[in-house]
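Within every chain, numbering begins at 1; the chains are lettered A, B, ... in the order of the sequence lines, protein sequences first and strands thereafter.
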Amino acid sequence: MSELEDAYRLEYFEEEGFTRQECASCGVHFWARVDRETCGEPPCDDYAFIGTPGFDETYTLEEMRETFLSFFEDQGHERIEPYPVAANRWRDDVLLTQASIYDFQPLVTSGETPPPANPLTISQPCIRMQDIDNVGKTGRHTMAFEMMAHHAFNARDDADGEYAYEGEVYWKDETVEYCDRFFESMGVDPTEIVYIEDPWVGGGNAGPAFEVIYRGLELATLVFMSMEQDPDGEYEMKDGNRYSPMDTYIVDTGYGLERWTWMSQGTPTVYEAVYPDMIDFLTDNAGIDHSAAERDLIQEAARLSGYLDVDEIDDLASARAAVADELDVDAAELTALLEPLEDVYAIADHCRTLAYMLGDGIVPSNVGTGYLARMVLRRTKRLVDGLDIDAPLDELVDMQADRLGYTNRDTIRDMVRTEERKYRETLERGRRKVESIAEEYAERAEPIPRQTLIELYDSHGIQPDMVADIARDHGAAVDVPDDFYGLVAARHGEGGDTESADERDTRLADLPETERLFYDDQERIEFEAVVLDVFEREDGYDVVLDQTMFYPAGGGQPADTGTLSTDETTVEVTDVTRRDGVVLHRTADDPGKGEFVRGRIDADRRFSLMRHHTATHIVGHAARQVLGDHVRQAGAQKDTDRARLDIRHFRRVSREEVKEIERVANELVRDNVPVTQEWPDRHEAEAEHGFDLYQGGVPPGQQIRLIHVDDDVQACAGTHVSRTGDIGAIKILGTEPIQDGVERLVFAAGEAAIEATQDTEDALYAAADTLDVDPEDVPETAERFFQEWKERGKQIDRLKEELAEVRAAATDADAVDVGDVAAVIRRMDADADELRATANAIVDEGAVAVLGSAAGGSAQFVVGVPDDVDLNAGEVVGQLAGRVGGGGGGPPDFAQGGGPDVDALDDALDDAPDVLRTIRNT
RNA sequence: GGGCCCGUAGCUCAGCGGUAGAGCACCUCCUUUGCAAGGAGGACGCCCUGGGUUCGAAUCCCAGCGGGUCCA
């Protein structure tokens, strides 16, 4: 780490008279214009702005954002619109946007695509779930925040590769100077600013960085991203990995909008500065009312709250006690005073988090970002209930959604209400389950075991403290282990990383990118090309051409098939893939390197895939119109006879909605609008259409291909029909839930739609034929038949009872004396039900019943014994069944059994009297 | 995407190889007519679907469908 020391010696520091100093308390190195004892950051120093704002003027959140952005605009930066908080919309390695630099990873930072502007400034909404436990308690942590930033993307002049930007815009000195100047524009005395050296590591990159401290508060972080992970790298960073310099180097700054606003107001906590209206509403509603003395105490405690960071202290209670000690008040009293306020702060923050998430189209679910949204919502709900706030949660979230300017507020509220209902149901289910378990253990005077506790949480989502509460009411003890969540994690085991060793074919890397002709004319099926190379594979050959009409598998569209012909031979193309821009045609035979070939693709297959692909766009578009703007693609797969589109939605799609989607989709087909493609600059496309472009993933490159169908625009590499009318018809075949929050729509397009409809009709006609009614009468008739069938079942049961009684009445005839009781031994070939009923009837007459049957292909016995007779029916059956090669058993008064040897049945029954006598006598 | 739990009467669930059960709700009668009333009787089940194991499956195994939950 010390190897980086030189990286912090800036000319700017020299010119401005900064000196490098070491904190007497924590030992970190920092730069300041005047000599200091400590680094300025808690716990080495206290907050020095609570009640005494640190800037000349006070700002609201909106004013501060605007001030920052226009300051950097004046310094030559272009202002960029913020990205969604759902970062998985443009990258697959993270779920949520946690910093402004996320917007530009990985394609811009690696130099593959250019930034939307350079340099640029932005205020990016972010969500950091890892801060969730700190929210409300420290006074400065928020889960949702805006990171104001300016970025500059530089590439080394001596770099080997080609990069989407070149040269140096600016680097460390300018970045620190901008920071100083922005502080000065706020009226800050520059001698109070401290730059702490704090190397940064994250996401495979690293570099030197400064934390910027003013009056005890970290207001900005200036990161100089310049290294990438490299096992042979010369620098070892704090994460234990080695890093080496990279060809691009990037200024990555983060100015916390909320903290700057807070600094300007000097309120006890950041929350009061950021959303004062909501805090007022919540405190009022929760009935929190403080005396002047209490308010003073709260303010005093706030000054010291910087010590409370649950990540850095062992025990919140003792840290709180230390604060109480300092203020000379009772710790319990202080806690009682602060805790409701902390919950109010947390609620306001969580509601903002939810507004961002749901507003940006995250649908609550059991996976991915949806699961995070669900967790936040449930936590918020618990806090709201804990404070007895009677405003509905959807209204609280809506207050933040309104403030943040979202337009889909009705959908947001709908999703919140749906989630609340699901949570309530889960809690009710859990309560019943825990109650019955608690009663059981209370009765046995045992504590509820850990294993049960863990299972309740893991399988039913019931928090251990809730189990403890309910158990106490029922008088059962619970032992909640300290490392409870660790035990849960252990239950899940280790998730092994699967490494994909992608062996690069050097011959392949030397080949030029294959020209893709299918974009020029998507309906052509023949072309000519030159075979550039042929790779022998285990099961055939991969043929590389200079240009091709074959579509390689991708974007949920399967590859084309067809033939490649030379003058001498024709080879079948069975699969087509694309690697690093090179299209590989899999064939059974080698057409010959350097040969001139005519390619011909299977037109029926391709056109069917095209119809399904365009239909997928249309169905998605229609679903968005019918279900709401939050609907987006979660996956898609096209085939020749059907396609499926997985969409994010917070409810099952009803039959009515399916019909409506189908109607809207077919309307678009009948309108016969043109389907067009274009290759605009990616940033222009993003600016014009937003990230909803990337329904099927984010393509690399400076230019991206867009497909327009009516108002629908998507980045898409697939092949499409030229007019919607070419699809013919779209038939939605069904829906199925893929996971919570994701519904699959299965549909067929064109001829496949007709065939699918015919298949459905065939099934109906077959049913109608069997029932011998008209197709339209099938539902009614089926209903009637089913009712009648059930009625007959009952009737048969009644008749069997009667029959059994009649049979039993004839007992005397073939009764045998077995000691002092009578036994009826009889063969009657009937099913098990009848045997049982008859045996029961005989037992009611006071006799032992031994019945045998060969019905149903096997020998069966039923033995019944009256209450007052000392004979074990199970033993009898066991012995008899043994004689027919099987087994049996049951309770002492009524047993059943049998075996496969039907021929031995009569002999077994003949032996039955002896068996009975023997068993009675032993 | 992975793990775990659950599908039985209208509802909530028990039963976990041997004749399908309880509470609530429902219907009839009695007693009362005071806030979850009491008593007697009654009706109500493709035990999610399809395979397998077994003499025998609601019960065990496999697959599917449906619901829930935890984790990444």
### Length of the CZ-C1' vector between A:R798 and B:U19, whole Å
18 Å
### Query
Are A:R374 and B:C70 close enough that a side-chain N or O sits under 4.0 Å from OP1 or OP2?
no
### Query
A:Q860 side chain: which of B:C55, B:U12, B:C65 is closest?
B:C55
### Query
What interatomic distance, in whole Å, is found between P of B:G39 and the corresponding atom of B:U49?
36 Å
### Query
B:A37 and B:C44: how far apart are their P atoms, nearest whole angstrom?
26 Å
### Message
Under a plain distance cut-off of 3.5 Å, with no hydrogens placed, do A:Q795 and A:R798 share a side-chain donor-acceptor pair?
### Response
yes
### Query
For the pair made of CD in A:E428 and C1' in B:G68, what is the distance, rounded to whole Å?
14 Å
### Query
Which of parallel (below 30°), tilted (30 to 60°) and perpendicular (above 60°) describes A:F691 and A:Y83?
tilted
### Task
For nucleotides B:A14 and B:C47, find the distance between their C1' atoms and express it as a whole number of Å.
13 Å
### Query
Once you round it to whole Å, what is the distance between C1' of B:C4 and CD1 of A:I454?
12 Å
#### Entry: Nucleotide opposite B:G21 in a Watson-Crick or G-U pair, distances under 3.5 Å
B:C13
### Query
Checking all strands, does A:G368 fall into the base, sugar-phosphate, or nothing category for heavy-atom contacts under 4.0 angstrom?
base
### Query
Expressed in angstrom and rounded to an integer, what is the separation of A:L453 atom CG from B:U69 atom P?
18 Å
### Counter-base of B:G1, judged by Watson-Crick or G-U geometry with both distances under 3.5 Å
B:C71
### Message
Return whichever of A:E455 or A:Q739 has its heavy-atom-nearest nucleotide of RNA chain B closer to the 5' end.
### Response
A:Q739
### Message
Could you check whether any side-chain N or O of A:T369 sits under 3.5 Å from a backbone N or O of A:I362, counting only pairs where one atom can act as donor and the other as acceptor?
### Response
no
### Message
Using the rule side-chain hydrogen bond (donor to acceptor under 3.5 Å, both in side chains), only one of A:R374, A:E428, A:R382 pairs with A:Y423; which is it?
### Response
A:R382
### Message
Please check this pair: side chain of A:D639 against backbone of A:R642, looking for a donor-acceptor N/O pair closer than 3.5 Å.
### Response
no
### Query
B:U69 C1' sits how many Å from A:L427 CG, rounded?
12 Å
### Task
Please determine, for B:G41, whether a Watson-Crick or G-U wobble partner exists with both distances under 3.5 Å, and give it or none.
B:C27
### Message
When the P atoms of B:C35 and B:G17 are compared, how many Å lie between them, rounded to an integer?
### Response
44 Å
### Query
Applying a 3.5 Å limit to both distances, which nucleotide forms a Watson-Crick or G-U wobble pair with B:C65?
B:G7
### A:D414: side-chain contact (heavy atoms from CB on, under 4.5 Å) partners, not counting sequence neighbours
A:R417, A:T418, A:F650, A:R651
### Query
Any side-chain heavy-atom pair from A:I647 and A:L627 closer than 4.5 angstrom?
yes
### Message
On the nucleotide B:G68, are OP1 or OP2 found under 4.0 Å from the side-chain N or O atoms that A:R429 carries?
### Response
no
### Query
With sugar-phosphate meaning primed atoms plus P, OP1 and OP2, does A:K794 contact a base, only sugar-phosphate, or nothing at under 4.0 Å between heavy atoms?
sugar-phosphate
### Query
Does A:R378 place a side-chain N or O at less than 4.0 Å from the phosphate oxygens OP1/OP2 of B:U69?
yes
### Query
Between B:C70, B:G68, B:U19, which nucleotide gets closest to the side-chain atoms of A:R836?
B:U19
#### Entry: Whole-Å P distance, B:A57 and B:G42
30 Å
### For atom CG of A:L372 and atom P of B:A72, their distance in whole Å
9 Å
### Task
Check every atom of B:U69, B:C55, B:C46 against the side chain of A:W789 and return the nucleotide holding the closest atom.
B:C46
### Query
For A:D740 and B:U69, what is the distance between atoms CG and P respectively, to the nearest whole Å?
7 Å
### Message
So does A:V416 get a backbone contact from the side chain of A:D394, meaning a donor-acceptor N/O pair under 3.5 Å?
### Response
no
### Query
Taking the same atom, C1', in B:C13 and in B:C5, what whole-Å distance lies between them?
15 Å
### Summary
In whole angstroms, the gap separating P of B:U19 from CZ of A:F861 amounts to 18 Å
### Task
Sticking with atom P, work out how far B:U59 lies from B:G7, rounded to a whole angstrom.
11 Å
### Query
Between residues 886-900 of chain A and RNA chain B, which residues have a heavy-atom gap below 4.0 Å?
A:G887, A:G888, A:G889, A:G890, A:P891, A:F894, A:Q896, A:G897, A:G898, A:G899
### Task
Between B:C46 and B:G21, how far apart are the P atoms? Round to whole Å, please.
15 Å
### Query
Would you say a side-chain N or O of A:R652 is under 4.0 Å from OP1 or OP2 of B:G67?
yes
### Query
What is the nucleic acid contact for A:T426, judged by heavy atoms within less than 4.0 Å: base, sugar-phosphate only, or nothing?
sugar-phosphate
### Task
Could you check whether A:V877 gets within reach of a base, just the sugar-phosphate, or nothing at all, counting any heavy atom under 4.0 Å?
nothing
#### Entry: Residues forming a ring pair (Phe, Tyr, Trp, His ring centres under 6.0 Å) with A:F786, sequence neighbours excluded
A:W789
### Task
For A:Y457, report the nucleic acid contact type (base, sugar-phosphate, nothing); a contact means any heavy atom under 4.0 Å.
sugar-phosphate
### Task
Ignoring hydrogens and angles, tell me if any N or O in the side chain of A:T97 forms a donor-acceptor pair with the backbone of A:P84 under 3.5 Å.
yes
### Query
Can you find an N or O donor on one side and an acceptor on the other, under 3.5 Å apart, linking the side chain of A:D458 with the base of B:U69?
no
### Task
May I ask you to say what A:N840 touches in the nucleic acid, namely base, sugar-phosphate or nothing, with a heavy-atom cut-off under 4.0 Å?
base
